[in-house]
Each structure stands twice: as C-alpha cells, then as structure tokens.
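Reading through the structure tokens given below for one structure.
Counting starts at 1 for both ligands and their atoms, in listed order.
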Amino acid sequence: MVVLANPPTEQISIIKPQKPHAYFSGVPVIDLSTPGSDAAIVRACEEFGFFKVTNHGVSKELMAKLEAEAVKFFSLPQFEKEKAGPPNPSGYGNKRIGPNGDVGWVEYLLFEINSKPMSSVSLAFLREPLASSFRSALNEYISAIRNLAAEVLELMAQGLGMKQRDILSKLVMSQDSDLMFRLNHYPPCPVLKELNCNLTGFGEHTDPQVISILRSNNSNGFQIALKDGGWVSVPPDQDSFFINAGDTLQVLTNGRFRSVRHRVVTNGSKSRVSMIFFGGPPPNKIITPLPQLLGEEKKSRYIELTWADYKKAAYKSRLADNRLALFEKH
Ligand code: GA4
C-alpha cells in the first residue's frame, strides 16, 4: 500500500495483477470516414458506453505537440509544479483527486474552459516562456477535439434517428457549454515492477459530462468495466481517440446508453501521459431524456436536474460513487 504522508489515512490501493498483456479485443473501432458509423456508435454506446475512433482528421503533430508540452511541464522540479496548484478548479494537482479524499498515483493539470475565446484558457498559473507555447498547443488541440466531439455527437443523433442533427452536439458547442480538459501524468514506479504489483493511477469512476475524448501515449493501464462488472484492459493506441459516454448521455437516452465506468492502473514500468476533453452542457440546461427516446410508456427513469445542480452534487461525491443514483426515480 502506498501511504501519503499527510493525512496518513489516505492510501492508494494496490490492485491484483492481471495476466500480462491480457488486452480486451472487443473494443468497438469506429472509422469515421465510412458510412454506417452512426449506427456503429449507437451500438457501441449501448453495449459499452465506450469506443475508439479512427480516421478522425486530427493530426498526429497536434497530439505530439501537446504531449511534448505536457512532458515539459511534468518534468519541472516539484516545487515549480506546485506553484501551478492547487486545482481549484484549474491548476496542478498531485495524487489528490477531487475535493473529497480520493488519491491516485497521478499528477495532473486541470483546465476549466469557459465560453470566452479559447485564448482565455486559464494558464495564469503557468510562467512564461512555458505558458505561451503551452497555451497555443492547448488551444489548437482543444478546438480540434471540440469539433470532433460535435461530429461524433451528430453521428450519434443520426444513429438514434433524431430529426434534429445537432440535438446532442449543441450541448457542447454552445457559448456557455461547460467544458473541461485534463492532462494526466502517471509517473513510473520502479518498485512496483519488482513486486509485480499494480497501483491505482486513477480510481474507478464514471464521468459526469455528456462525452469525454481521451488520447494517451503508447502505454497501457486504461481499463473499462463491462456490463457484468468485470474489468478489461484497453489496448493502447496513440493515434486514435477513445470516447466515453458520460452520465449526462445516459440520462439523455433514458438509460439506453451506458455511462462507462473506467479507471487507470499502473504497473510502474512506463510513464503514461493522457489528455482528456470533457464536454458538458451549459449550467442551466435541464438534463432530461430526449422525448423521442422515452419509449411506449413515455416514462423517464430519471428526475430532472440542471447540469449545474448535478455537477455540484458530483463534486460532493467520492470518485467511485454511483452519482447517477441521484437522478434515478424510485
Ligand atoms: C471525473 C471526470 C473529470 O476528470 C472531472 C473529475 C473531477 C476532478 O478530478 O476534480 C471529480 C470527478 C470527475 C467526479 C467526482 C468528483 C469530481 C473528482 C471527484 C471526486 C474533472 C470531472 O468533471 O468529474
């Protein structure tokens, strides 16, 4: 068990090692350039709440540029990085995740992206000259990924038979959409390798938002839970994006899509760097199932909450909590 010095009650749990390289081969791969991807996205969201996209149009250079900026930042001395913390909500965090005592073998930069032009991505906590090259890589990357999120959500709406093609994408494309972005670094931990153990990098959870888009370097550790609750390891692919359906999408589809439970475990051998875009709706948006998806009985499985209320409640919960239970009608 890895124990944090302060406070001593917080522990990062060790996970029983799986067979080495026991990768799951069933991750749906959606080629965005082929017809039929709309239906394939719907099937993937129903079965897993998770899929990988290829032929997405985002250049490898853009991914590599941001990864290099992130590596540059995470290579700074600890006391320099700490100057960019704490993450409230934007800023640097180390081992502590969220405000309620969760911990993991991870350090990160969290960014709250607001409605103003992308140049306002708050990097006030970073020092020049790091800040300007970092800012330009971030802005370029985030705007490309936001467009990708919109494209995927449009295909999803089409696959669901919605007349209004932008019914989902407008949630993340609006002026006041609540978007977040995080850069995670899972440092190597050589002693783990010797012990043949795995450590929790980022504990299991679902994402509260509509959609999350993840890209990581070529390192393993990302796992998803299947419908039966079993965990499987996702084979890494640094040229593709992995898409998670979030809690909000589960509610919007009246439970037809799964908000995927996921986590990162680290075996300590290679440093893992991931970048994740979280697309959330505007704060005052009421999260309720799309009427077309209510089925014969016309009954919603969830109570109505605004995104602001749901987010507030989410931030009071522990990482692994079933936050959607707050939404369920009894
Ligand atoms: C999970 C998805 C995003 O990473 C995040 C996380 C947030 C945080 O790290 O501060 C939360 C977590 C996430 C859900 C429950 C709360 C809030 C940590 C936590 C314990 C940025 C988000 O929006 O929700």
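You'll find the side chain of Y310 reaches within 4.5 Å of the side chain of R323, heavy atoms only. No side-chain heavy atom of Q250 sits less than 4.5 Å from a side-chain heavy atom of F327.
Taking atom 19 (C) of ligand 1 as the reference point, the nearest protein heavy-atom neighbour is G98 CA, 4.1 Å. Remark: minimum distance from atom 12 (C) of ligand 1 to any protein heavy atom is reached at L319 CD1, 3.9 Å. Ranking the protein heavy atoms by distance from atom 16 (C) of ligand 1 puts A314 O, 3.5 Å first. For atom 2 (C) of ligand 1, the nearest protein heavy atom (residue, atom name, distance) is D207 OD1, 3.4 Å. Among all non-hydrogen protein atoms, the one lying nearest atom 13 (C) of ligand 1 is P208 CD, 4.3 Å.
Y108 has its ring centre no less than 6.0 Å from the ring centre of F202.
Note on ring orientation: taking the six-membered ring where Trp is involved, the planes of F134 and F111 are perpendicular (angle over 60°, cut-offs 30° and 60°). Taking the six-membered ring for Trp and thresholds of 30 and 60 degrees, F242 and F50 have nearly parallel ring planes, at less than 30 degrees apart.
Under a 4.0 angstrom heavy-atom cut-off, I97 registers as being in contact with ligand 1. Taking a 4.0 Å cut-off on heavy atoms, Q209 registers as neighbouring ligand 1.
R43 has no carboxylate O lying under 4.0 Å from a charged side-chain N of E46, or vice versa, which leaves the two without a salt bridge.
The contact set between ligand 1 and D102, taken as ligand atoms under 4.0 Å from a residue heavy atom, comprises 20 (C).
For the residues F278, F111, F202, Y315, the heavy atom positioned nearest atom 3 (C) of ligand 1 is part of F278. Between R182, H205, H262, K316, it is R182 that holds the heavy atom closest to atom 6 (C) of ligand 1.
A donor atom on one side chain and an acceptor atom on the other are found under 3.5 Å apart for H185 and S271.
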